[in-house]
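The block underneath contains the structure these notes are about, expressed in structure tokens.
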There are 2 protein chains.
Amino acid sequence: MSASGVRARVRAEMTEEIKTVARRHLATDGANLSLRAVARDLGMASSAVYRYFASRDELLTALIIDAYNAVGEKAEQAAEGITDPLDRFLRLAHAVRDWALDDPHQWALIYGSPVPGYQAPQDTIGPATRVLLLIAGLIRDAYVAGKIAEREPISGRFAEELAVVAEQYTPGAPPRLVGAGISAFVHLGGAISAELFGQLNHSVDEDRRGFFEFQMRGAAYLIGLS
Amino acid sequence: MSASGVRARVRAEMTEEIKTVARRHLATDGANLSLRAVARDLGMASSAVYRYFASRDELLTALIIDAYNAVGEKAEQAAEGITDPLDRFLRLAHAVRDWALDDPHQWALIYGSPVPGYQAPQDTIGPATRVLLLIAGLIRDAYVAGKIAEREPISGRFAEELAVVAEQYTPGAPPRLVGAGISAFVHLGGAISAELFGQLNHSVDEDRRGFFEFQMRGAAYLIGLS
DNA sequence: ACAAAGCAAGAGCAGTGCTCTCGTTGTGGC
DNA sequence: GCCACAACGAGAGCACTGCTCTTGCTTTGT
């Protein structure tokens, strides 16, 4: 019919519907959700789903990309408009944590152990770095505004590696900033995973939000956001 | 025959053999290894395996406990005899990382996303805390030796929670030490997971060992091991 | 010596991912 | 408007999975 085509629109809707149902199954079955079960929920034959996703892995990949973008967007929104670097960083961190607590299985999908035999395709590396880039941007802004306290410089082979990134990203910025930024990102993810995957059980059981903020303040300190 | 019984010994050997083969499969298939395939490798019927493990989950639980103990032992050995607290902490951290790099699937099994529908039984919580307890002991020793620099004290609900632990573990020790210890443990695990699960790709590709040490030095600084 | 318990094997059930085939239906070119 | 063609949904089928049950055999404890 129209230039866009009825079929194309229906296909897009169907694709989205499959992902929605799959996300629901993700919440109960985790990463080994059943494609057949998803098809049953949709009232269609399992073979029909293969018209939209060539394999279960491809479905998972789509869910992974969506999840990366979802958490990235949440973090972006939370940080928006906040000028104080430390506040900005903490809000961003809490936004990521809140998103993860809201849907632990989506978190596990992107930051947990990779699905066995699953190799992340190129499409995922873009969305995957969104949160990291947000932190990098935050640090960059704080640096050019002169709001970053001095810390001990880094040295070694990895320091040279990071110096290259620092120089082309923000000329003049100390390489240790890049390192501290990545480290903060790693600590952020580690803290959420530890909480979600039960490694904090019997250690911190009451005020996990408070403990999370304590950890993130530590990471912020190492960056120089005092 | 003997008091121990031939059958009991054979059973123990068989149990160990199943676990060994299962560990081998773990390296290729990850957490969704096939019990039938393991049985095939052993030249026995799949149903026979159920004489030794009531379910696949129980097999996984056994592997998890072994893995916790293995990494705990490695960390213990690495830290043994080292007196300087910072050096001790770094060696411990590197030992854990080396173990994880050596067998990423075992690491994923214990520190990755939990197997869907799998509930960790009581037997695992003991071995699971070994590394954390090592760090706690290290900090405790350094504290009583007066080798810990002062840092900003903590406050809030989680601080009171940690104060209880601190008081009964090392009376007089500041609660922030407990917090910093757990935080270091979390960062340790997060750093290894990030490296293993590919979140460092395109960020730190060359000298990951150096970057790991940089991160652990940061964690050590926050504890007060300057 | 004998009953009881432990053990291995095979068949079987319900479920899985994925492929192939077969009718049906919407689509773009003439 | 027609028609070849591609997209589509459904069903059967293959090889695989975890797990159960039954059937014989072997090692125990008494």
Side-chain angles (χ1 to χ4, degrees), chain A residues 1-19 21-26 28-64 109 114-119 121, chain B residues 1-19 21-26 28-64 109 114-119 121:
Chain A
M1 204 187 186
S2 72
S4 75
V6 171
R7 206 158 215 173
R9 207 198 56 218
V10 171
R11 180 178 179 85
E13 283 171 5
M14 198 70 211
T15 305
E16 211 56 44
E17 205 167 343
I18 292 175
K19 287 200 289 183
V21 174
R23 253 186 295 268
R24 211 161 54 222
H25 280 233
L26 202 65
T28 65
D29 300 334
N32 47 14
L33 59 88
S34 158
L35 216 154
R36 289 179 108 114
V38 171
R40 265 198 302 275
D41 268 24
L42 286 163
M44 69 194 326
S46 68
S47 56
V49 177
Y50 284 85
R51 297 270 172 209
Y52 300 89
F53 298 95
S55 68
R56 214 197 59 150
D57 271 9
E58 204 171 279
L59 211 197
L60 285 178
T61 299
L63 294 181
I64 287 172
L109 194 63
V115 183
Y118 173 83
Q119 194 60 22
Chain B
M1 205 189 183
S2 72
S4 74
V6 171
R7 202 158 219 173
R9 206 197 58 219
V10 171
R11 181 181 178 83
E13 283 172 5
M14 197 70 213
T15 305
E16 212 56 44
E17 205 168 342
I18 293 174
K19 286 199 290 185
V21 175
R23 253 186 296 268
R24 211 161 55 222
H25 281 234
L26 202 64
T28 65
D29 299 333
N32 47 13
L33 58 88
S34 158
L35 216 154
R36 289 179 108 115
V38 171
R40 265 197 303 273
D41 267 25
L42 286 163
M44 70 197 316
S46 67
S47 55
V49 178
Y50 284 85
R51 295 270 166 205
Y52 300 88
F53 298 95
S55 67
R56 215 197 57 151
D57 271 10
E58 204 170 279
L59 211 196
L60 284 178
T61 299
L63 295 181
I64 287 172
L109 194 63
V115 183
Y118 174 83
Q119 193 59 23

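A note on names: the letters A, B, ... follow the listed sequences, proteins ahead of strands, and every chain is numbered from 1.
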Find the distance [X]:[atom1] to [N]:[atom2] and express it as a whole number of Å.
X	N	atom1	atom2	answer
A/E13	D/dC8	CD	P	13 Å
A/M44	D/dG11	CE	C1'	14 Å
A/D29	C/dG15	CG	C1'	12 Å

If you take all heavy atoms of A/A37 and A/S34, which pair is closest and at what distance?
N-OG, 3.0 Å
Heavy-atom nearest pair, A/L63 first then A/K19, reads CD2-O, 3.7 Å
Protein-to-nucleotide contact annotation, 5' to 3' order, nucleotides 14-27 of chain D [B base; S sugar-phosphate only; - none; under 4.0 Å, heavy atom]:
---BBBBB----BB
At under 4.0 Å, does any side-chain N or O of B/R11 touch on OP1 or OP2 of C/dG6?
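Checking B/R11 against C/dG6: no side-chain N or O falls below 4.0 Å of OP1 or OP2.
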Going from CG on B/L59 to OH on B/Y52, what distance comes out if it is rounded to the nearest 0.5 angstrom?
12.5 Å
Kindly compute the distance separating CD (A/E17) from CD (A/E13), expressed to the nearest 0.5 Å.
8.0 Å
B/V38 and side-chain contact (heavy atoms from CB on, under 4.5 Å): which partner among B/L33, B/V49, B/L26?
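That would be B/L33; it is the only one of B/L33, B/V49, B/L26 passing the side-chain contact (heavy atoms from CB on, under 4.5 Å) with B/V38.
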What's A/Y52 touching, base or sugar-phosphate or nothing? Going by heavy atoms closer than 4.0 Å.
sugar-phosphate
Check whether any side-chain heavy atom of B/L35 lies under 4.5 Å from a side-chain heavy atom of B/Y50, and answer yes or no.
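Yes. Closest side-chain heavy atoms under 4.5 Å.
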